[in-house]
Number of protein chains: 2
Amino acid sequence: MKLGRATIKDIAKALNLSASTISRALKDYPGISDETKRKVKEVAEEMNYRPNAIALSLRKSRSFTIGVIIPEVVHFFFSSVVSGIEEVAHSRGYNVILVQSNEKLDREISSIETMLSNQIDGVLVSFSKETKTFNHFTKVLDQGFPIVFFDRAPEIPGAINVTVDDYQGAFDATTHLISQGYKNIIHLGGPKLLKISTERERGYKDALTHNGLDFKSEYVIPCPIGTVEESQQIVAELFSNMTVRPDAFFACNDVGAVGAMMACREIGLKIPVDVGVVGFSDWQFCSMLEPKLSSVAQPGALMGAKATEILIDIIEKKIDPESMENSLILKTKLMARDSSKRF
Amino acid sequence: MKLGRATIKDIAKALNLSASTISRALKDYPGISDETKRKVKEVAEEMNYRPNAIALSLRKSRSFTIGVIIPEVVHFFFSSVVSGIEEVAHSRGYNVILVQSNEKLDREISSIETMLSNQIDGVLVSFSKETKTFNHFTKVLDQGFPIVFFDRAPEIPGAINVTVDDYQGAFDATTHLISQGYKNIIHLGGPKLLKISTERERGYKDALTHNGLDFKSEYVIPCPIGTVEESQQIVAELFSNMTVRPDAFFACNDVGAVGAMMACREIGLKIPVDVGVVGFSDWQFCSMLEPKLSSVAQPGALMGAKATEILIDIIEKKIDPESMENSLILKTKLMARDSSKRF
DNA sequence: TTGTACGCGTTATCAC
DNA sequence: GTGATAACGCGTACAA
C-alpha cells in the first residue's frame, strides 16, 4: 500500500477473494453479486486503488498515448497547434507526450526511437529545418506505425499531411496589397528548404502576374535567420540601395513584417500611406502594434485538432490510411488591418 | 515481427537460445561469449528490435516520465517554462507528458489521477485560476508522490515551490517609474486569487511608500479578464472619470500594459512624455511595440529547468524533499525601454 | 457466483 | 556460458 499504490491483489487479500473477482467487480461485470461489488468498491476506495495503466498497456500493446514532435514550443503557432492536439487527445482519452527537436535532425530521429520504445500509439510530426531526408520516418511508416504530419510536411508517397493553404494565403495577401494600390511589392522570404516558404513565394508570384504586374526575382529577399533585427536591417539596406523604391512588403512571417515596419518608421515612411505591410501567421501581437499589422491567419489549433482526429481514427482503425485522402489543406484567412489599408 | 515489434523472445527463437541469454547479451553482461553477443546483436538489428519501455516500467515501477500540468500552452510564459522542462527532462532521460487544465479545477484533478494511473514518476504543476483548495495535491503528496510547483504555487506546508520574485519585480518597476518623475502611478492588477497578483501589488505599494509617495487603494484597478480590450476600456474610463490625472501605469502583465498604451494613444497622450507604462513578463512583442514597452522579465525557461532538476533529483533520491529548502525564488530583471524613460 | 491459469516483455535469481 | 523460473499488475478463457 506504499505510495497509495494498492493493486488488485491487495484488495483480493483484504477481502479473501481472488484477483479476478476484484477485477470483474470493479468493472461491473455481470455474474458478480451486488454484495461483493459493493464491498470491493468500498475497499478499493479506502485503499485508494488506482488501475495501473502501464500493466494495461503491456497487456493490450496499446498505451493510449500519442507523441508530438515539433521544432519548438515557444512559438505562437506551434503552441497553438499543441493546444489543439492536447484538447482532442484528452477528449478521446489519450495522453500527449511532447518532444522538441529544437530544429535538430538527430533529436528528431532519437525522439521517434524513444516513442516507439514507449509503445506510443502514433505520432504527430512537424519536422525540423535541418531535415532533408525522411528515411527515419518512412522506415517506421512502412512498418505500419501511424504518423500524421502537420504544417511542415514531407513529400513522401502515402504520408498523411495536414497543412494550411500557404499558396492561397500568400496569393490573397499579395492581391490585397495590389488592390490597395501598392505596386512595388517586396517579398521577404523564409527558409528555402521548407515547402511552406516556396509555396508562399509561389502565391506571391502568381498574384502579381495574375494582376498584370511583373514578377522580379530581385524583389524576393530571403530572411534565413528569422529575427526582427535581420529583416529590419535587410529592409533598411534595401531602401538605400534600390533604384526603384518599394512601396509594400509581404513577409513570410510576422516577425519579418515587424522588422520591415520598424525600418520604414526609422527613415520616416508612413504606414500605410507610403508603405503597406502584410505578415503571415497572425500572431497575437499583430493587433497590438501601431498601426495594427495585417496578416494571414493560420488556424493553428484547428490544424492540431484535425491532425489528432485523423491520427486517432487511424489508430482505432476507424479509417484506413491506405484508402483516405492523404492530405488535408486548411484555409487561411487574411486579416486586413491598418498596416495595409489605404482606402 | 509485425510492426517491427520484435521481442527478446523472437530473437531467442531465431537463435535457439533462451530469453535470458538474449537479455544479457544485449546489455553486454559478463559471462556471455563474444560470439553469442555478436550474433544476438546482429539478429536484433535485423529484426529491428526495440526494447519495450512499458515492460520495463512494469517491472521497475518507474516510467521515466514526468507530467506537466499547466493552465494553457498558448501563452508565452508557460510555453517558455515547458521548453525549459522538456530540455532538462530530455537530457536526463525522461519523457514529458503534457496536460492543460484550461484554468479548470476539474481538469486539474482528473489530470493528476491519470498521471498517477500512468505510473508517472513525478509532476510539475502550475495550478488553475479556479483552484482554491489543494486537497487533490496534498492527498497524493502525503502518499510520497513527488510534486514540484512553479509560478503559481500553493501555500501548503512542505510543498516545493519554484517561483520568481514577483514582489521585487514589482518593486523595481514601480521604483523605476518614480525615478523617471512619474507621480500618479496606477496599478492594473491581476486575478486576486493568485499569489503572484497580490505579491506584485505589494511590491507596487511598498515602492510607493518607500519613496515617500502615498498609496491610494483606488489607484489599484483589477483587470480580471486579462485582455487588451478590457484594460484599454478601463484605462479610457479612468481618464474620463478621475479627478487626479494618472501619469503612469504599472500593469500586472504585458497585455494589460498594451491596453493602457492604446487607451493613452487614443486620447492623444504621448508615451513616455505624458504617460509612462511598464508591464510584467517581458513577452516577445514588448520590443516590437512603438514605443518599445518596458517590462519585468521573468526567466521562464530557467524556471522550468530548475523545477525539473529538483523534481528529478527527488525522484532519483539525490535529494530529500524533507530536508531541503522548500522554495526557490528566481530573480526578475527590469527591462527599461522607451515606454517609461523620460530622461 | 467465484477461482485458476496464462500471457503481455523484461530481468533478477538460482541452477546447471 | 547458458537456461529455467518468477515477478511486475491486469484481464480473460476456462473450470468449478
Side-chain angles (χ1 to χ4, degrees), chain A residues 1-41 43-44 47-65 114-121, chain B residues 1-41 43-44 47-65 114-121:
Chain A
M1 217 186 330
K2 51 170 181 179
L3 297 190
R5 251 91 151 174
T7 77
I8 274 192
K9 284 185 189 171
D10 296 327
I11 306 179
K13 257 180 226 157
L15 285 169
N16 248 319
L17 286 169
S18 79
S20 32
T21 306
I22 310 299
S23 171
R24 288 187 273 237
L26 286 173
K27 328 191 81 191
D28 273 328
Y29 255 57
I32 297 284
S33 74
D34 288 355
E35 174 61 8
T36 309
K37 282 185 190 170
R38 205 188 45 70
K39 267 197 217 155
V40 169
K41 285 178 185 169
V43 176
M47 305 176 84
N48 67 68
Y49 165 79
R50 251 182 285 272
N52 185 328
I54 293 284
L56 261 166
S57 296
L58 185 58
R59 223 181 160 305
K60 308 215 168 150
S61 313
R62 286 282 314 281
S63 60
F64 286 96
T65 301
T114 19
M115 300 240 168
L116 290 198
S117 260
N118 279 72
Q119 308 301 109
I120 297 303
D121 295 339
Chain B
M1 219 188 327
K2 52 171 181 180
L3 298 189
R5 252 91 151 175
T7 77
I8 276 192
K9 284 184 187 172
D10 296 327
I11 305 179
K13 257 180 226 156
L15 284 170
N16 248 320
L17 286 169
S18 79
S20 16
T21 305
I22 309 299
S23 172
R24 288 188 275 235
L26 286 172
K27 328 190 83 190
D28 273 328
Y29 256 57
I32 297 284
S33 74
D34 289 355
E35 176 62 6
T36 308
K37 283 186 189 170
R38 205 187 46 70
K39 266 196 217 156
V40 169
K41 285 178 185 169
V43 176
M47 305 176 84
N48 67 68
Y49 165 80
R50 249 182 286 272
N52 185 328
I54 295 284
L56 258 165
S57 296
L58 184 59
R59 248 189 91 64
K60 308 221 166 143
S61 314
R62 286 281 316 279
S63 60
F64 287 95
T65 300
T114 17
M115 299 239 168
L116 290 197
S117 262
N118 279 73
Q119 308 301 110
I120 298 301
D121 294 339

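Letters A, B, ... are given to chains in the order of the sequence lines, protein chains preceding strands, and every chain is numbered from 1.
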B:V40/B:L17 under side chain to side chain contact (heavy atoms under 4.5 Å, CB included): CA gap, chis, key distance, verdict | CA-CA 9 Å; B:V40 169; B:L17 286 169; 4.3 Å; yes
B:V43/B:Y49 under side chain to side chain contact (heavy atoms under 4.5 Å, CB included): CA gap, chis, key distance, verdict = CA-CA 8 Å; B:V43 176; B:Y49 165 80; over 6 Å; no
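First and last contacting nucleotides of DNA chain D toward chain B (any atom under 4.0 angstrom from a heavy atom, 5' to 3' order): D:dG1 to D:dG9.
Taken from CZ in B:R24 to CD1 in B:I8, the straight-line distance is 10.5 Å, to the nearest 0.5 Å. Atom-to-atom distance recorded for B:L15:CG and B:K39:NZ is 7.0 Å, nearest 0.5 angstrom. Here the CG-OG distance, from B:N52 to A:S61, works out to 8.0 Å after rounding to the nearest 0.5 Å. A distance of 8.0 Å separates CZ in B:R50 from CZ in B:R5, rounded to the nearest 0.5 Å. Atom CD1 of B:I54 and atom OG of B:S63 lie 8.5 Å apart (nearest 0.5 Å).
Remark: P of C:dT10 and CZ of A:R59 are 17 Å apart, rounded to the nearest angstrom. One interatomic measurement links the two molecules: CD1 of A:I8 to P of C:dG3, which rounds to 13 Å at whole-angstrom precision. Distance A:L116 CG to C:dG9 P: 15 Å, rounded to the nearest Å. At whole-Å resolution of the value, CG in B:L58 and P in C:dA12 are 14 Å apart. In this structure, B:R62 places its CZ atom 16 Å from C1' of C:dT11, rounding to the nearest Å. Between the CG atom of B:L56 and the C1' atom of C:dC8 there is a distance of 13 Å, rounded to whole Å. A straight line from CD of A:Q119 to P of C:dC8 spans 13 Å, rounded to a whole angstrom.
Within residues 19-26 of chain A, the residues having any heavy atom under 4.0 Å from DNA chain D are, by residue number, A:S20, A:S23, A:R24. Proximity of residues 28-36 of chain B to DNA chain D (heavy atom under 4.0 angstrom from any strand atom) is restricted to B:G31, B:I32, B:S33, B:T36.
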Report all side-chain donor-acceptor pairs from residues 26-35 of chain A shorter than 3.5 Å, counting only partners two or more places apart or in another chain.
| unit_1 | atom_1 | unit_2 | atom_2 | d |
| --- | --- | --- | --- | --- |
| A:D28 | OD1 | A:K41 | NZ | 3.0 |
| A:D28 | OD2 | A:K41 | NZ | 3.2 |
| A:S33 | OG | A:T36 | N | 3.1 |
| A:S33 | OG | A:T36 | OG1 | 2.5 |
| A:E35 | OE2 | A:R38 | NH2 | 3.4 |

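B:L17 comes within 4.0 angstrom of the backbone, heavy atoms only, and of no base. No engagement by A:K60 is indicated, since no non-hydrogen atom pair under 4.0 Å with the nucleic acid exists.
With sequence neighbours left out, the side chain to side chain contact (heavy atoms under 4.5 Å, CB included) criterion links A:S18 to A:S20, A:T21.
Between A:A6 and A:M47 the shortest heavy-atom distance is CB-O, 3.7 Å. Residues B:A12 and B:A19 approach most closely at CB-N, 3.9 Å, considering heavy atoms.
Taking the C1' atoms of five terminal pairs at each end of the helix from C:dT1-D:dA16 to C:dC16-D:dG1, the two resulting helix axes are inclined by 60°, rounded to 10°.
Of the side-chain N and O atoms in B:K9, none sit less than 4.0 angstrom from OP1 or OP2 of C:dT10.
Side-chain N or O atoms of A:S117 include one that pairs as donor or acceptor with a backbone N or O of B:P51 at under 3.5 Å.
Checking A:N52 against B:N16, the closest nucleotide of DNA chain D that is more toward the 5' end is the one next to B:N16.
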